[in-house]
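Notes to accompany the following structure.
Below, each value reflects all heavy atoms present in this structure, side chains not excepted, and no hydrogens, waters or symmetry copies. The chains referred to below are lettered A, B, ... by the order of the sequence lines, with proteins before strands, and numbering in each begins at 1.
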2 protein chains.
Amino acid sequence: MNAETFKQNFTADDSTDKESLDNVLSIIEDVKQNKDDALKKYTAQFDGQKIEDFKVPAEKLKNSFDNLSIDEQNSLILIKERIANYQQSIKYKDFEDGEFSYVYHPLERIGIYIPGGTALYPSSVLMTAVPATAAGVGNIVAVTPTFTEDNITFAALYLAGVTEVYTVGGAQAIAALAYGTESIKKVDKIVGPGNKYVALAKKQVFGDVGIDMIAGPSEILLYVDESADYTAVAYDIFAQAEHDVNARTFLLADNQEVIEGIQSEVDRLISSQVRADVIRESLKNNHYQIADTREALIDVINFIAPEHVSIQHADEQNISRKIRYAGAVFIGKYSPEAIGDYAAGPSHVLPTNQTGRFSHGLNVNDFLTSHAVINLKEGTYNNIAEAAKTIAQKEGLDAHYESLNIRTER
Amino acid sequence: MNAETFKQNFTADDSTDKESLDNVLSIIEDVKQNKDDALKKYTAQFDGQKIEDFKVPAEKLKNSFDNLSIDEQNSLILIKERIANYQQSIKYKDFEDGEFSYVYHPLERIGIYIPGGTALYPSSVLMTAVPATAAGVGNIVAVTPTFTEDNITFAALYLAGVTEVYTVGGAQAIAALAYGTESIKKVDKIVGPGNKYVALAKKQVFGDVGIDMIAGPSEILLYVDESADYTAVAYDIFAQAEHDVNARTFLLADNQEVIEGIQSEVDRLISSQVRADVIRESLKNNHYQIADTREALIDVINFIAPEHVSIQHADEQNISRKIRYAGAVFIGKYSPEAIGDYAAGPSHVLPTNQTGRFSHGLNVNDFLTSHAVINLKEGTYNNIAEAAKTIAQKEGLDAHYESLNIRTER
């Protein structure tokens, strides 16, 4: 299809599920009131586990790491270092300009949500915990449901230096982090992806604590031309589609021939994929092919603000410079999106569902907070106080006027 | 009282008002479904106004400015320039480091909520709109209920260059900005303070659009010693307390004598204040006096993370350096908080109710979004691809593995 047809038919998901929201609100209230007792109740009810002590013993975290192969250990160590170096390089620094300074401080205590179930994503642990340690956050807590045995998620937490890990999940875990219980102390901010209930709970506790974002299904947009390796591009599409049947893939090209060339590779290779069923279902419902002019395609990119944009195109630098809204942009054959998922450096926790239009991927600076320090000289004060007094009077704030006036009088 | 007693008795407001939330959710759904018709219905119901066309004519904005006195016009102009200059000085710049860059772009379209009623706060208009224009936002929309005649709020909007102004308020205005109606086009982010319903609505639309923060009652914490001008400090307390009976004031000192000295000035001057009734009510319920050691007081400050901290103390620089969490810090006699409300430069839209522990005052950078651009060389790719492949396999993401592997093979 062309860009216009696409834009007319594509809508972001902005529906509200009132029943789920009410359930989440009542879980949050219950945890506020009954604390650990509520956590135990919901963990039995939703995760089928009877847990007396939510805290994972230190030796279980250490054993999880020690039991990995040397190759796996070294891979995690290399990834951790790449992330830490990149995050340090983009960390904000204090700014000083005479009468004004603007200063940054790490958050005191943060919570990381790690999804449970059967999937193990040690990369997500490193992509959230390492930016937090790069910021200098003193206390990092992780919550994750259902894990009882040693596993690579625990190994990644151990490597990242996270010592406070609790086996509790869902909306109840978010409430515990936001308001505290007997065993889990309140945090200042909660980050990390989760299921629908986790996302709803994060939204409801926002304001009482900070949160990173509301995560939706993963997305990639590929902008390619004849110079691209069509087989590699087909694998890039599979790599996105294998996440989830709701994962979205967008293939953009300057002409229909390129799209057809890649489609042939997709058709040729799809049956041999391990997760072929998920990929087929995802491509059937959530794959978009758009051929149009450069200008129209750039407009589509900025409209979608895709979580990942991969440009494999002879003119890739110029295309990249036109992109205003995206989670992250990957340029060239040697920056496939999959390398960003693991080892490039920037966090793979990125905005989806058009939210890249107003938010950014998780990074070290999301674990800092900042404030202005204002230290005016008498001369500066006198230059501006009259204007302030005039507007204070107009606003009817008389004590503001007096507070300003007494300092010009004396 | 001392610091320990204070901390044991002070709690942030984290209550949930389920009935108000349900009302807000149904208003949002109604506006999503019925758009302008719903806006008209709620404007009649809540604001008692029958409005056919919500848009304020350009000449009404211009006339509002033209009708101000020269003194008022010049005061607004000076304030606008101070804000613009400060915001430019702290604006983030693109970062480039070989294979990585990190780039910033202004948001495309933002909405500013301006409270209505009897109060007119042109300073709040400038403190939200000017940081947005400093960021380079192309389209700024303002919504505000109840104003029909020329007024200084419209004048400030005119001066700030905001041409799209709609007379609609409450949760219905937030829903219109978030999802769009026939007459109001959807925005990417909503900023600005409002009443309880506005705050609840902002929280519910968060994720579909960006929001700045959930605002609570205003606060000041003053840390003073014998070197302070007690009369000026008394006026600083009045200036906070006159906002609202819920406004909070904290007076900290190294000893009880200083607190008593200031209390005498408060007692002497309170009756002569224009807004004495509001001030008395506010001080009765929401004024805290704490004398303790330096260390304990600093701990209290970081615990409260007050919206405003004013330090009028012989050792003010050292005290300021110990503050990690605050909305803004004002140092010395010539930086009263009231000058920050109008003309110092940093925005007066600041975090309250302990949210300064994880969030910051509105500034130019909140109107930018950002993303990483990743452009790896073949050599770098080969150095890290094996680690990525190892973890991809461990995570069971086979197409990720293939997408990585094909680029090491060729």
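For a residue to count as touching a neighbouring chain, one of its non-hydrogen atoms must lie under 4.5 Å from one of that chain's; by this rule B:F100 touches chain A with the side chain only. For B:N382, no part lies near chain A; criterion is any non-hydrogen pair under 4.5 Å. Contacts of B:F367 with chain A are absent, with no heavy-atom separation under 4.5 Å from either backbone or side chain. In this structure, chain A has heavy atoms under 4.5 Å from both the backbone and the side chain of B:L397. Looking at B:T380, only its side chain comes within 4.5 Å of chain A, counting heavy atoms on both sides. With a 4.5 angstrom heavy-atom cutoff, B:A392 touches chain A via backbone and side-chain atoms both. With a 4.5 angstrom heavy-atom cutoff, B:Q393 does not touch chain A via any of its atoms. Residue B:N74: no heavy atom, backbone or side chain, is found under 4.5 Å from chain A. For chain A, the nearby part of B:S320 is the side chain; its heavy atoms alone come within less than 4.5 Å. With a 4.5 angstrom heavy-atom cutoff, B:I391 touches chain A via backbone and side-chain atoms both. Heavy atoms closer than 4.5 Å to chain A are found nowhere in B:P351, neither backbone nor side chain.
Between the CG atom in A:L368 and the CZ atom in B:F358 there is a gap of 15.0 Å [rounded to 0.5 Å]. Atom CG of B:D22 is separated from atom CG of A:L25 by 8.0 Å, given to the nearest 0.5 angstrom. Here OH of A:Y342 is found 13.0 Å from CD1 of B:I384. Values are rounded to the nearest 0.5 Å. We find the OG-CD distance between A:S403 and B:Q240 to be 10.0 Å, quoted to the nearest 0.5 Å.
Side chains of A:Y86 and B:I374 form no contact here, defined as non-hydrogen atoms less than 4.5 Å apart. In this structure, the side chains of A:S75 and B:E386 stay at 4.5 Å or more apart for every pair of heavy atoms.
Note: B:D188 leads B:I152, B:I90, B:D188 in heavy-atom pairs under 4.5 Å with chain A. In terms of heavy-atom pairs under 4.5 angstrom with chain A, the leader among B:Y401, B:F238, B:Y102 is B:Y102. When B:G361, B:A241, B:A372 are compared by the number of non-hydrogen pairs under 4.5 Å with chain A, B:A372 comes out ahead. Of the listed residues (A:D398, A:N302, A:I214), the greatest number of heavy-atom pairs within a distance under 4.5 Å of chain B belongs to A:D398. Among the candidates A:Q273, A:M213, A:H243, the residue making the largest number of heavy-atom pairs closer than 4.5 Å to chain B is A:H243. Considering only heavy-atom pairs separated by less than 4.5 Å from chain A, the leading option among B:A328, B:S101, B:P336, B:G207 is B:P336. In terms of heavy-atom pairs under 4.5 angstrom with chain A, the leader among B:K377, B:K394, B:K389, B:K189 is B:K394. For the set B:T355, B:D236, B:V309, B:L78, the count of heavy-atom pairs under 4.5 angstrom toward chain A peaks at B:D236.
A distance-only check finds a donor-acceptor pair linking the side chain of A:K203 to the backbone of B:Q204 [under 3.5 Å]. A donor-acceptor distance shorter than 3.5 angstrom exists from the side chain of A:R407 to the backbone of B:K333, with no hydrogens or angles considered. Between the side chain of A:E242 and the backbone N or O of B:H400 there is at least one donor-acceptor pair closer than 3.5 Å.
The two residues A:L107 and B:R357 have their closest heavy-atom pair at CD2-O, 3.1 Å. In terms of heavy-atom proximity, B:Y325 sits nearest to A:E108 at OH-N, 3.1 Å. Nearest heavy atoms, A:R324 versus B:T369: O-CG2, 4.5 Å.
Counted by atom type alone, B:N375 and A:S335 present zero donor-acceptor pairs between their side chains at under 3.5 Å.
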